[in-house]
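Here is the structure we will look at, set down as structure tokens.
For reference, positions follow the sequence shown, starting with 1. Scope of the values below: all heavy atoms of this structure, side chains included, with no hydrogens, waters or symmetry mates.
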Amino acid sequence: MATSVPDFAGQLTRGTQGAEIAHPFWGKLTWDIFPFYDPILLGTFIVVCIGGGALVAALTYYRLWGYLWTEWFTSVDHKKIGIMYMILATVMLVRGFSDAVLMRGHQALASAGYVGYLPSYHYDQVFTAHGVIMIFFVAMPFITGFMNYIMPLQIGARDVAFPFLNNFSFWLTVSGAILIMLSLFVGEYAATGWLAYPPLSGLTFSPGVGMDYYLWSLNIAGIGTTLSGINLIVTIVKMRAPGMTWMRMPIFTWTTLITNILIVATFPVLTVTLALLTADRYIGTNFFTSDLGGNPMMYVNLIWIWGHPEVYILTLPVFGIFSEIVPTFSRKRLFGYTSMVYATAVIMILSYIVWLHHFFTMGAGADVNSFFGITTMIISIPTGAKIFNWLFTMYKGRISFELPMMWTVAFLLTFVVGGMTGVLLAIPPADYVLHNSLFLVAHFHNVIIGGVVFGIFAGINYWWPKAFGFKLDRTWGLVSFWGWVVGFYFAFMPLYLLGLMGVTRRLSQFEDTAYAAYFFTAAIGVAMIAVGVLAFFVQIYVSIRNREALAVDGDPWNGRTLEWATSSPPPYYNFAFTPRVYRRDAWEHMKQAGYERKTDGFTPIHMPHYTATGVVISALWTIMGFALIWHVWWLAVASAMASLVYGIAHTFNYNRDYYIPVDEVAEIEGARTKKEAAQNSVVAAE
């Protein structure tokens, strides 16, 4: 069998793309920036061109460009923006998961003594892109999409506090995603790992444009996330329905509030950290180098002061999703509502003071390590309280194992394993041994997949009928479910064992073939997950095709919170009359009290106008980011000035809102009444 040899020469050659002196007009752009010497990239480029061309042709043929522009791209409707976030996340999931397939397949071959198909430098770019995409452009947009769509409905609001800002925030996230996708075919991406520690991420060791793609994509997307966090906090604080006191808010709304407090508190830290690293690379400062008084460990502290709260920014909304699903399908109110609220708040606070457990190996000493180890263990207490609350809610409940509930049970079983291994890693001596091993990779994916991803699929299956008016197909949903759940255990349990045996992470070459069976098992697991991903897309296609048979009314699950009080899908104004809340689980209480929807007495409804400003400014920022990456200074200045001028001009637009006439509201509500009457007659006949 051939033995793989590290490609050091190729790594040094290809790691300097764009490192040459910039042209006065073209910057670093040359014909050599297209990495089509790699057959994998060339094949991917061809597939993307064919798929993209087919999509553009289809949209043009069916004359959908105008519809997409007027109804979606320029929309300030929180529901449409939430859906667009989730479409973006789904597209990026395909890219990020493809990277995972490449890595696992390569490692399986390399561990068996064969030459892998990824050159070493390409492999380094793949695992960096995988981490960045999955966290920033898959998990975050999915979570933000849920918060955007569901939270305003749960509090009885007609939109978020700042509708234009919501649109702008989304398109900034798209801008960052575009820059990352461009790096696949124009230049290269960072080869530093997803957190880009210096000095490797500095100009000396990463002279090419890969790190610059990393910095500008995350800087732009991070600004959008911060603005979205401010918007959602204000919405919850100021726009709750009459009677919805703090302790009457749904748990998902609570987790949305606390998540966005974390976002507003921590994403500026990320922005500043990346700005300082950008300064090191662009203007020769030394914040994170050992020269002239800089300190690489300052970067590690700053990035993890953001990074550990980020874990809870992803998991807390998912906890909120499960807290809505479990009572609904157990036919009981949530056990321990107050303790759930306080546990969420405690997690928010503790998440700030555990960041150093990510680098116990730095040599800070026993006192520092002991403090952070203890605080890390303490954070498991409120998390464990949530687990018991969900279990007690299920206890003696009339559980209906619909798809959302199945994802929830899978989460409970899987996330507990991740939590226990996390407690193990909170012990500094154990972490010292396991820190740079595949055990840590398995733990992290145990939390993110077993927690966040399972929660995302639970939420999609739960709220899809609310967004589109029909359920998702159960058969293909089960295929997706079992592909993900079984595939996860095959893919990551072997990594725990490999980590305990001392196999370090990020390896693309192996001299010992003793680990091949474990890596091949992990590759089989990834193939099973791929079946789950494909089945998810088939599930959506089949559901859309059979939408008439799967059609539902406004409350298909017999829900408990206010989003189920309106039609499915909701009208663009959400509620014809702002609901009044008297108890927790407002919709459940309204049904018990014999609530009947009013069909007359409507008044004009105040709503915001759609606007193209968010799309245009974000497009200009994308151009600016690309120009800064490639040192095309004139284009960077021109696009920055154009975005500034356009933004100032937008402030003089005073035609930002309008009133929906009473006749239009009456027509929409009348159509809903007829639809519900027809559905009730069908049910009665059955």
Side-chain angles (χ1 to χ4, degrees), residues 77-80 82-83 146 149-158 241 250 252 321 324-333 398 400-405 458-475 477 539-540 542-581 585-600 602 605 664-686:
D77 183 344
H78 71 95
K79 299 181 292 299
K80 290 184 176 179
I83 291 171
F146 279 122
Y149 195 103
I150 301 302
M151 180 274 291
L153 290 169
Q154 284 196 334
I155 66 173
R158 291 205 168 104
F252 180 76
I321 291 172
E324 303 297 336
I325 289 172
V326 171
T328 298
F329 293 102
S330 299
R331 301 293 179 257
K332 289 172 60 181
R333 65 184 303 177
R398 292 171 296 165
S400 174
F401 284 101
E402 298 284 351
L403 281 169
M405 195 63 178
I460 290 172
N461 281 276
Y462 181 56
W463 280 306
W464 180 281
K466 172 52 54 183
F468 298 104
F470 58 92
K471 290 183 179 181
L472 284 171
D473 181 80
R474 179 177 174 83
T475 301
Q539 181 191 23
I540 292 176
V542 171
S543 302
I544 294 173
R545 187 190 63 191
N546 300 335
R547 59 188 177 275
E548 296 295 333
L550 295 168
V552 295
D553 61 9
D555 186 17
W557 306 122
N558 192 19
R560 307 180 69 86
T561 45
L562 280 179
E563 73 268 27
W564 304 109
T566 186
S567 60
S568 298
Y572 55 95
Y573 50 78
N574 291 350
F575 302 94
F577 298 97
T578 300
R580 180 170 290 274
V581 175
D585 288 346
W587 176 233
E588 176 69 13
H589 173 250
M590 290 164 70
K591 288 186 290 186
Q592 291 176 353
Y595 166 80
E596 292 185 6
R597 185 171 60 87
K598 291 181 65 175
T599 56
D600 56 14
F602 302 112
I605 297 175
E664 185 175 342
V665 177
E667 181 180 353
I668 294 171
E669 294 299 312
R672 176 187 173 186
T673 301
K674 291 179 181 178
K675 179 181 177 183
E676 290 177 351
Q679 289 173 333
N680 291 336
S681 64
V682 170
V683 172
E686 293 176 349

- Message: Among Phe329, Phe252, Trp557, which residue satisfies the side chain to side chain contact (heavy atoms under 4.5 Å, CB included) criterion with Glu324?
- Response: Phe252
- CD of Gln592: more than 12 outside heavy atoms within 6.0 angstrom? yes
- Below 4.5 Å, heavy atoms only, C-beta onward: do Lys471 and Pro465 meet side chain to side chain? yes
- Item | Gap separating the CG atom of Leu562 from the CG atom of Asp585, nearest 0.5 angstrom | 10.0 Å
- Query: Is there a donor in the side chain of Arg597 and an acceptor in the side chain of Thr673, or the other way round, less than 3.5 Å apart?
  - Reply: yes
- Message: Please identify which of these residues, Tyr573, Phe577, Phe575, meets the ring pair (Phe, Tyr, Trp, His ring centres under 6.0 Å) condition with Phe602.
- Response: Phe577
- Query: How far apart are the closest heavy atoms of Ser567 and Pro569, and which atoms are they?
  - Reply: OG-O, 2.9 Å
- Task: Taking the side chain as every heavy atom from C-beta outward, state whether His78 and Leu153 have any atom pair closer than 4.5 Å.
- Result: yes
- Query: Backbone N or O of Gly554 within a donor-acceptor pair of the Lys466 side chain at under 3.5 Å?
  - Reply: yes
- Should Leu403 and Tyr462 count as side-chain neighbours, where that means a heavy-atom distance under 4.5 Å? no
- Any donor-acceptor N/O pair, Arg158 side chain to Ala576 backbone, under 3.5 Å: yes
- Item | Interatomic spacing from CE in Met405 to CG in Asn461 - rounded to 0.5 Å | 14.0 Å
- Task: Determine the minimum heavy-atom distance between Ala241 and Val581, stating which atoms define it.
- Result: CB-CG2, 4.3 Å
- Chi angles and distances behind the ring-ring contact (aromatic ring centres under 6.0 Å, His included) call for Tyr149, Trp464: CA-CA 11 Å; Tyr149 195 103; Trp464 180 281; over 10 Å; no
- Message: Heavy-atom count check: over 12 atoms from other residues, nucleotides or ligands less than 6.0 Å from Arg331 CZ?
- Response: yes
- Message: Tell me the closest heavy-atom pair linking Thr561 and Trp587, and the distance in Å.
- Response: O-CB, 3.3 Å
- For the residue pair Asn558 and Trp564, establish whether any side-chain heavy-atom pair is separated by less than 4.5 Å. no
- Message: Within the 4.5 Å heavy-atom criterion, are Phe470 and Asn546 side-chain neighbours or not?
- Response: no
- Residues in salt bridge (Lys or Arg N to Asp or Glu O under 4.0 Å) contact with Asp77, at least two apart in sequence or another chain: Lys79
- Message: Whether the side chain of Arg672 engages the backbone of Glu669 through a donor-acceptor N/O pair (distance < 3.5 Å, no angle test) should be reported.
- Response: no
- Distance from Lys591 atom NZ to Arg560 atom CZ, nearest 0.5 Å? 8.0 Å
- Message: If we ignore hydrogens and angles and just use 3.5 Å, is the side chain of Gln154 paired with the main-chain N or O of Glu563 as donor and acceptor?
- Response: no
- Is any side-chain heavy atom of Phe468 closer than 4.5 Å to a side-chain heavy atom of Ile544? no
- Message: So does Glu676 get a backbone contact from the side chain of Asp553, meaning a donor-acceptor N/O pair under 3.5 Å?
- Response: no
- If you round to the nearest 0.5 Å, how far is CG of Asn574 from OG1 of Thr566? 6.5 Å
- Query: Closest approach of Asp473 and Ser543, non-hydrogen atoms and distance?
  - Reply: N-OG, 2.6 Å
